[in-house]
S.K.: 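Sharing a structure here in structure tokens format.
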Amino acid sequence: MESSFKGILYPARLPTFHRLPAPASVADLVQWFWIPEWDIEPGRTSRQHLIAYPGSNLVVQPDAVVFSGPTTRAAHRDLAGRGWAVGALLRPAAVPLFTADPSSLRDTEAAVAAEGLHRSVSEAMNTHDGGTRRGRAVDAFAGWLACFAGPAVTEEALLANRLMDVTASDASLVRVEDAASALAVSQRTLQRVARKYIGLSPAALIRRRRLQDAAERTWLDPSADLAAIAAELGYADHAHLTNDFQKYLGFTPSTYRRAVAGER
């Protein structure tokens, strides 16, 4: 998992970055934990571009804890100085613990009052111990979240988790009706569950996975035919892939290919 860069547009620009699996105690609440660490020379910044996973994140930073809502477009964050963050990519079942309306937090974030979480994670991350701090930070994060969540999640919440899982992993799902069929529920049920637990429509979840896959394949294989990538991912043609790139990422696949080629 630590070597996975899916969703990260320019991996060559990354600071030290790790993805750690969620402990069993929070497996229904967290997809994984992610930890960037950086030390950038004075006067310089490092811009990180992302096609974020279509979920919400709970993030501990040196000065705060924030809930980051689902995104609708490519995003970036400028890093400077020395710092770290410990984030949990939340599974849909965890989202109602922090907001009753995740769509109201699209493309934004809100502060979370969680002094105990901030203190325990910060203590772990500020200990220079050859790398074990990351595992201890995740353990502290998971322990806090397990206590905060309380009883086991509901069947509806687990359905929301399955919706996220299937749209993120099954490349054969290109329409909402495909996802409904795979989960043996109605499209109306999917729409309701997605609105309550994710804040994005099922169609948006499918589109995000296709964009992530297209960007990843373009980065991994600079010689791959873009029309072939479009067809493989279920786009009607190359033009539809290009339109999605331009609309949601702000550039075309060809432009992205030239940019990453210059960084290899």
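Just so it is clear, the model here is predicted, and its values are computed rather than measured. Counting from 1, the numbers follow the sequence of the chain as shown.
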S.K.: List the residues meeting side chain to side chain donor-acceptor pair (under 3.5 Å) with Asp107, not counting sequence neighbours, and say none if there are none.
M.R.: Thr72, Arg73
S.K.: Transitively linked via ILVMFWY side-chain contacts under 4.5 Å: Leu97 with Leu163?
M.R.: no
S.K.: Could you work out, with salt bridge (charged side-chain N to carboxylate O under 4.0 Å, His left out) as the rule, every residue matching Arg82, not counting sequence neighbours?
M.R.: none
S.K.: Between Arg209 and Asp170, is there a salt bridge with N-O shorter than 4.0 Å?
M.R.: no
S.K.: Indicate whether any N or O donor in one side chain lies under 3.5 Å from an N or O acceptor in the other, for Thr167 and Arg208.
M.R.: no
S.K.: Evaluate the ring planes of Trp144 and Phe148, with Trp represented by its six-membered ring, and classify them as parallel (under 30°), tilted (30 to 60°) or perpendicular (over 60°).
M.R.: parallel
S.K.: Locate the shortest heavy-atom distance separating Ala157 from Ala93; write the atom from each residue and the value.
M.R.: CB-CB, 3.7 Å
S.K.: Name all residues meeting the side chain to side chain donor-acceptor pair (under 3.5 Å) criterion together with Asp244; count only those two or more places apart in sequence or in a different chain, and write none if there are none.
M.R.: Tyr235
S.K.: Ser103: which residues meet the side chain to side chain donor-acceptor pair (under 3.5 Å) condition with it, sequence neighbours left out?
M.R.: Asp101
S.K.: Just checking, is any N or O donor in the side chain of His240 or Asp237 under 3.5 Å from an acceptor N or O on the other one?
M.R.: yes
S.K.: Can you tell me how far CD of Glu156 sits from CG of Asn161, rounded to the nearest 0.5 angstrom?
M.R.: 11.5 Å
S.K.: Measuring from atom CG of Leu159 to atom CG of Asp165, what distance do you get when rounded to the nearest 0.5 angstrom?
M.R.: 10.5 Å
S.K.: Test of understanding: with side chain to side chain contact (heavy atoms under 4.5 Å, CB included), list the residues that count as partners of Ala214, not counting sequence neighbours.
M.R.: Ile229, Leu233, Leu241, Phe245
S.K.: Applying side chain to side chain contact (heavy atoms under 4.5 Å, CB included) to Leu200 and Leu205, what does each step give before you reach the verdict?
M.R.: CA-CA 7 Å; Leu200 298 172; Leu205 303 183; 4.2 Å; yes
S.K.: Nearest 0.5 Å, please: how far is CZ in Arg195 from CG in Leu190?
M.R.: 11.5 Å
S.K.: Restricting to non-hydrogen atoms, name the atom on Val174 and the atom on Arg210 that form the minimum distance, rounded to 0.1 Å.
M.R.: O-NH1, 4.1 Å
S.K.: Between Ala124 and Arg133, which heavy-atom pair has the shortest distance, and what is it?
M.R.: O-CB, 3.0 Å
S.K.: Are the side chain of His118 and the backbone N or O of Gln61 linked by a donor-acceptor pair below 3.5 Å?
M.R.: yes
S.K.: Name all pairs fulfilling the ring pair (Phe, Tyr, Trp, His ring centres under 6.0 Å) condition that reach into residues 154-210, sequence neighbours left out, sorted by first residue then second.
M.R.: none
